[in-house]
**Student:** 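The structure's right below; bear with me while I get my questions together.
Everything numeric in this text was worked out from a predicted model, so none of it was measured.
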Amino acid sequence: MGQTKAIWWVFLGILAMVLPVKTQLAVGFYSKSCPRAESIVRSTVQSYYKADPTIAAGLLRLHFHDCFVQGCDGSVLIMDERAEINAGPNMGLRGFEVVDDAKAQLENLCPGVVSCADILALATRDAVDLSDGPSWSVPTGRRDGRVSMSFQAEDLPSPFEPIDVHIQKFAEKGLTEEDLVTLVGAHTIGRTDCQLFSYRLQNFTSTGNADPTINPSFLTQLRTLCPLDGDPFRGVAMDKDSQLRFDNSFFKNLVNGNGVLESDQRLWQHASTKDVVQRYAGNLRGLLGLRFNYEFKKAMVKLSSLDVKTGTQGEIRKLCSQFNNQ
């Protein structure tokens with residue numbers, strides 16, 4: 001009996017060494033191992049934001065694209081010809097230099113402790129806060145992934161897809177229709193290229209006319225910014241009223257037919273998302289937690305917790321742009 005028990009404990013010990021340990025994210029994860037981690041990320045973001053406030057939107061998009069593919073594991077940060085960064089939907093991603101700068105500082109202070117995935121999650125929070133948006137406590141403890149393949153990022157939500165497809169893609173991640181509308185609200189500080197919406201301005205669905213959901217006065221503005229023979233890569237703000245301020249004017253624009261991307265404007269027409277847009281567009285304050293800023297904080301914590309790697313899973317990269325031991 002004693003020998004059997006001893007063998008059993010040896011088996012459990014081997015199993016513990018073989019199987020990855022899974023722990024939970026926690027606010028203040030680095031409070032003892034690297035107490036200055038969050039303040040260093042914050043000061044780094046502040047420095048870049050001061051030089052270029054549009055970096056906030058870049059970090060938001062970078063974090064979303066990271067989390068939506070294999071979870072929030074920093075896989076989008078890998079620079080390799082086969083990596084996610086080279087997928088079509090990841091065209092124009094930016095903010096890498098902010099993460100790399102913060103990582104370099106943290107490696108000098110606390111080598112091998114703070115993950116790139118956590119740096120990106122923290123930097124995104126700070127970028128929203130600096131844009132007059134909400135701030136929130138970011139649970140940390142993510143580990144960096146060891147896989148980054150471009151084909152895995154090809155199915156990110158596209159501005160050309162119907163809302164039903166977006167709803168399905170979000171549902172597959174455990175995100176609701178309300179989460180979809182809330183997270184799309186990040187476009188309040190976003191920019192897009194003419195090539196991603198110019199088809200709405202002229203011969204929409206081969207009718208010879210513009211998309212009828214576009215407000216006529218706004219249509220004139222968009223045609224001026226993106227003429228037929230214009231630069232397809234010209235950047236256009238997705239919130240015409242306050243492109244550098246994180247607020248709910250984006251939703252007011254949708255109600256008034258001033259959405260730039262077709263997929264954004266369709267949120268106002270779709271039966272499953274219209275009510276959420278209406279609530280965020282209104283002046284409701286404090287009732288039932290319907291305020292955009294309040295819901296955005298919750299949605300971001302939910303997004304940034306998707307399929308995270310913790311414990312002994314993954315690694316803590318030395319450089320965010322490459323896996324260790326390369």
**Student:** Just by distance, no angles: are the side chains of D239 and S249 close enough, under 3.5 Å, to form a donor-acceptor pair?
**Tutor:** yes
**Student:** So does T54 get a backbone contact from the side chain of R94, meaning a donor-acceptor N/O pair under 3.5 Å?
**Tutor:** yes
**Student:** For F68 and F170, I'd like to know if the aromatic rings sit close, meaning centre-to-centre distance below 6.0 Å.
**Tutor:** yes
**Student:** Among R142, R143, R146, find the residue that satisfies the salt bridge (Lys or Arg N to Asp or Glu O under 4.0 Å) test when tested with E315.
**Tutor:** R146
**Student:** Are side-chain heavy atoms of Y49 and V98 found at a separation under 4.5 Å?
**Tutor:** no
**Student:** Hey, does Q269 have a side-chain heavy atom less than 4.5 Å from the side chain of Q265?
**Tutor:** yes
**Student:** Does a side-chain heavy-atom distance below 4.5 Å link D307 with Q70?
**Tutor:** no
**Student:** Is T220 reaching over with its side chain to a backbone N or O of P216, donor-acceptor style, under 3.5 angstrom?
**Tutor:** yes
**Student:** How about T44 and D101: does a side-chain donor come under 3.5 Å of a side-chain acceptor?
**Tutor:** no
**Student:** For the side chain of D126 and the backbone of Q46, is there at least one donor-acceptor N/O pair under 3.5 Å apart?
**Tutor:** no
**Student:** Assess the pair F160 and Y199: is the distance between their ring centroids shorter than 6.0 Å?
**Tutor:** yes
**Student:** Check whether any side-chain N or O of R317 sits under 3.5 Å from a backbone N or O of C320 as a donor-acceptor pair, and report yes or no.
**Tutor:** yes
**Student:** Take E295 and R279 through the salt bridge (charged side-chain N to carboxylate O under 4.0 Å, His left out) test and state the conclusion after the steps.
**Tutor:** CA-CA 11 Å; E295 295 297 340; R279 294 202 305 264; over 6 Å; no
**Student:** Has N256 got a side-chain atom pairing as donor or acceptor with N258's backbone, closer than 3.5 angstrom?
**Tutor:** no
**Student:** Could you check if a side-chain atom of T213 sits within less than 4.5 angstrom of a side-chain atom of R200, using non-hydrogen atoms only?
**Tutor:** yes
**Student:** So does G185 get a backbone contact from the side chain of T188, meaning a donor-acceptor N/O pair under 3.5 Å?
**Tutor:** no
**Student:** For D179 and T176, test the side chains for any donor-to-acceptor distance below 3.5 angstrom and give the result as yes or no.
**Tutor:** yes
